[in-house]
Amino acid sequence: MNADPPPHVAVSGLTVTGNDGTPIVADLSFAIARGEVLALIGESGSGKTTAALALMGYARPGCRIASGGVRVGETEMLGLGRRALAEFRGQRVSYVAQSAAAAFNPAQRILAQVIEPALVHGTMTRRAAEEKARGLFRVLALPDPEGIGDRFPHQVSGGQLQRLMAAMALINGPALVILDEPSTALDVTTQIEVLRAFKHAVREQGTTALYVSHDLPVVAQLADRVVVLRGGRMQEEAGIARLLAAPEHPYTRSLLAAAAPAPQSPPAVAADAPPLLQVTDLTAGYGGVTAAGVPRVPVLHDLSFAIAKGSALGVIGESGCGKSTLALVVAGLLPLARGEIRLDGALLPARVQDRTPAQLRAVQIVFQMADVALNPASSVAASLSRPLRFYHDLRGAAARRRVAELLDMVRLSPGLAARFPDELSGGQKQRVNLARALAAEPALLLCDEVTSALDTVVGAAVLDLLAELRRELGIAIMFISHDLSTVRAICEQVMILYAGRRVELGGRAALRRRPMHPYTDLLLSSVPELRPGWLEGISFTHLAEAAGGLMPADAQLPCPFFRRCAVHIPGTCDVLLPPHRVLGKGSEILCQRTEAELLDMQQTASAPA
């Protein structure tokens, strides 16, 4: 009887510590077969990325690989000298980072950067490298594979840039590719495009891969097996189907529960409650305003909506649809060009410098990246004391007591007050970011992607916290996200934006029922499900793909979704402004199709083949 072949990648007893000896990854062992995809999952701080980098023989500053072995093919990585290790990394092990935008040089053309690893390591000639790169562009379903390499990084979309970074990682035919959260920052439709391309490329090339993620529905589409980490230690290892069907470890079960947050019970809001925020015919953008009263670079077009006191409105859409711009306009950080915003019935000045202290206090914004929002040179206490002093004139002992109360409110220990941002985890920093906004005692919180950079467990805790704050303080929330499951968990009303236009507005219950706007149907159909095989089983005919890539929005057309819409009406949708329709389920949409037409088409499209 033939013996089983040795694993292609073998990790044994891997331990990575801080310089003070504190273990970050402890006694980790696993193996990956040739052509297999193994996922490392766990919450922030679990050691996923530290372990992945160790497979390249690398430890971040302040860390060291203390013991253990990492074998790739026939080579023991940790036994290599510095020069040999550098050669091995570029040729046999490659790395795809989370942020492709940070990995590319904005001053160089794409093709030159993709083929650079081949030229640096001398694995092929420039001509051969360029030919292989264009072949990878085709495998990764990039539009215009012959010409896209002549562009600069800023001339392609985020999803395309992520796939181009994968092409760079695959150019030398590595024995192992490490994919570190490569789709976390992408919206759902772009993420699906990237995942399909990654999966096809891995299978086509017979690539062995390590996939690092906290997103279990995504892992379910790509991974063959999963290793669950917590505190740097393995909690469970299993095939993806068994792990999802019958997880053995309680921690794994908590990760699965957090991946599908349950809808929060909203606080009681009177049906006749007047709106706290009323936005009417809002138009905004960048680059100044023309003589016609429109922005030179328009982003938002004629938006109207309302948020009642104590209620939550979710704003969702793809990257670039205007979600964050809307938050900036409501906060007064970007003046509107046309329309009006009213707070408690009173007209809200367009510019933040023209608002009264009471108006400033009432509307607070919580930014996506706490790392950027918090001053690294200020302690937590200093960051929270500033709004207390500005809005409430609190100082000294009174301010210190209030800082402790705010930290307790966001479920942080008062002992963290003396720490600086770089001494906190990502979840802790986001809670401090939230506490700073709460220090003003606002009536409305603008939450801009506040959970998108957090793992599922920490993100679920932040959602629970926001729901509790609504019940206890009566705060209204505008919750901006591209994560539909998160929005549906916390918000009673949902507004869908596409190219700066409100294409659908309705209750979260109505959002689950057809008919819906064709773009809403696309979004909901693109959310990965927590089951293997979903990616292969779903029909993507409704995506209206062209030339291997999704068509971008066309803001020059009356319906900017026209080129991507599978049910568009040529000669109508590209000529006439879409009418406003109120559907039987209560939602409002902008579409030329009647409710009956949409219902028939969407039910036909979703029927089993």
Side-chain angles (χ1 to χ4, degrees), residues 187-190 192 279-285 294 298-306 314-323 326 338-339 482 484 493-527 539-547 549-607:
D187 57 66
V188 288
T189 52
T190 306
I192 289 301
V279 175
T280 307
D281 297 330
L282 185 150
T283 296
V294 296
V299 177
L300 300 172
H301 306 268
D302 302 315
L303 287 188
S304 296
F305 62 92
V315 182
I316 62 176
E318 296 171 337
S319 299
C321 72
K323 304 186 300 293
L326 176 59
R338 290 193 305 216
H482 61 250
L484 283 143
Q493 292 286 113
V494 181
M495 179 168 67
I496 314 289
L497 293 187
Y498 186 77
R501 291 173 171 85
R502 192 197 82 187
V503 297
E504 182 155 358
L505 175 67
R508 67 181 175 192
L511 200 64
R512 296 178 180 272
R513 295 163 48 202
R514 287 188 165 99
M516 53 188 67
H517 190 278
Y519 175 61
T520 307
D521 189 37
L522 166 63
L523 281 180
L524 294 177
S525 300
S526 301
V527 178
S539 168
F540 283 88
T541 55
H542 63 288
L543 295 183
E545 291 177 302
L550 296 181
M551 296 294 292
D554 191 339
Q556 304 305 313
L557 293 175
C559 175
F561 189 59
F562 173 78
R563 299 192 191 281
R564 292 176 65 184
C565 182
V567 299
H568 67 232
I569 310 171
T572 300
C573 299
D574 52 342
V575 176
L576 303 175
L577 287 171
H580 175 271
R581 298 186 186 276
V582 179
L583 302 179
K585 65 179 184 176
S587 292
E588 303 172 19
I589 66 170
L590 292 177
C591 191
Q592 295 289 353
R593 291 287 187 181
T594 66
E595 180 169 4
E597 288 175 328
L598 287 173
L599 183 59
D600 180 62
M601 291 172 176
Q602 289 169 4
Q603 286 181 338
T604 300
S606 63

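What's counted below: heavy atoms across the whole structure, side chains too, no hydrogens, waters or symmetry copies. Only a predicted model underlies this, so the values are computations on that prediction, with no experimental measurement involved.
Here CZ of R514 is found 8.0 Å from CG of L524. Values are rounded to the nearest 0.5 Å. Put simply, CD on Q592 and SG on C559 are 8.0 Å apart, with the number rounded to the nearest 0.5 Å. Atom CG of residue L557 and atom CG of residue L577 lie 11.0 Å apart, to the nearest 0.5 angstrom.
The salt bridge (charged side-chain N to carboxylate O under 4.0 Å, His left out) contacts involving residues 570-585 comprise E504-K585, where partners must be two or more places apart or lie in separate chains.
With hydrogens and angles disregarded, no donor-acceptor distance shorter than 3.5 Å links the side chain of Q602 to the backbone of D521. With K323 contributing its side chain and V315 its backbone, the two residues share no donor-acceptor pair below 3.5 Å.
R338 places none of its side-chain heavy atoms less than 4.5 Å from the side chain of L282. Counting only heavy atoms from C-beta outward, the side chains of P560 and R501 approach each other to under 4.5 Å. The shortest side-chain heavy-atom distance between R564 and Y498 falls under the 4.5 Å cut-off. The closest side-chain heavy-atom distance from T520 to I589 is not below 4.5 Å. Side-chain contact check for E597 versus V567: every heavy-atom pair is 4.5 Å or farther apart.
Using cut-offs of 30° and 60° on the angle between ring planes, the pair H517 and F561 is tilted.
Scored by the salt bridge (charged side-chain N to carboxylate O under 4.0 Å, His left out) test, E588 finds R502 as partners (sequence neighbours excluded).
Taking both residues in full, the closest heavy atoms of Y519 and V503 are given as CD2-CG2, 4.0 Å, listed atom of the first, atom of the second, then distance. Scanning both residues, P578 and C591, for their nearest heavy atoms gives CB-N, 3.7 Å. The two residues F562 and H568 come nearest to each other via the heavy atoms O-ND1, 2.8 Å. When all heavy atoms of L583 and E595 are compared, the pair lying nearest together is CA-OE1, 3.6 Å.
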Kindly list each side-chain donor-acceptor pair under 3.5 angstrom involving residues 298-305, sequence neighbours excluded, with atom names and distances?
residue : atom : partner : partner atom : Å
D302    : OD1  : T283    : OG1          : 3.4
S304    : OG   : D281    : N            : 2.8
S304    : OG   : D281    : OD1          : 3.4

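Looking at V494, L523, L505 one by one, the single match for side chain to side chain contact (heavy atoms under 4.5 Å, CB included) with L511 turns out to be V494.
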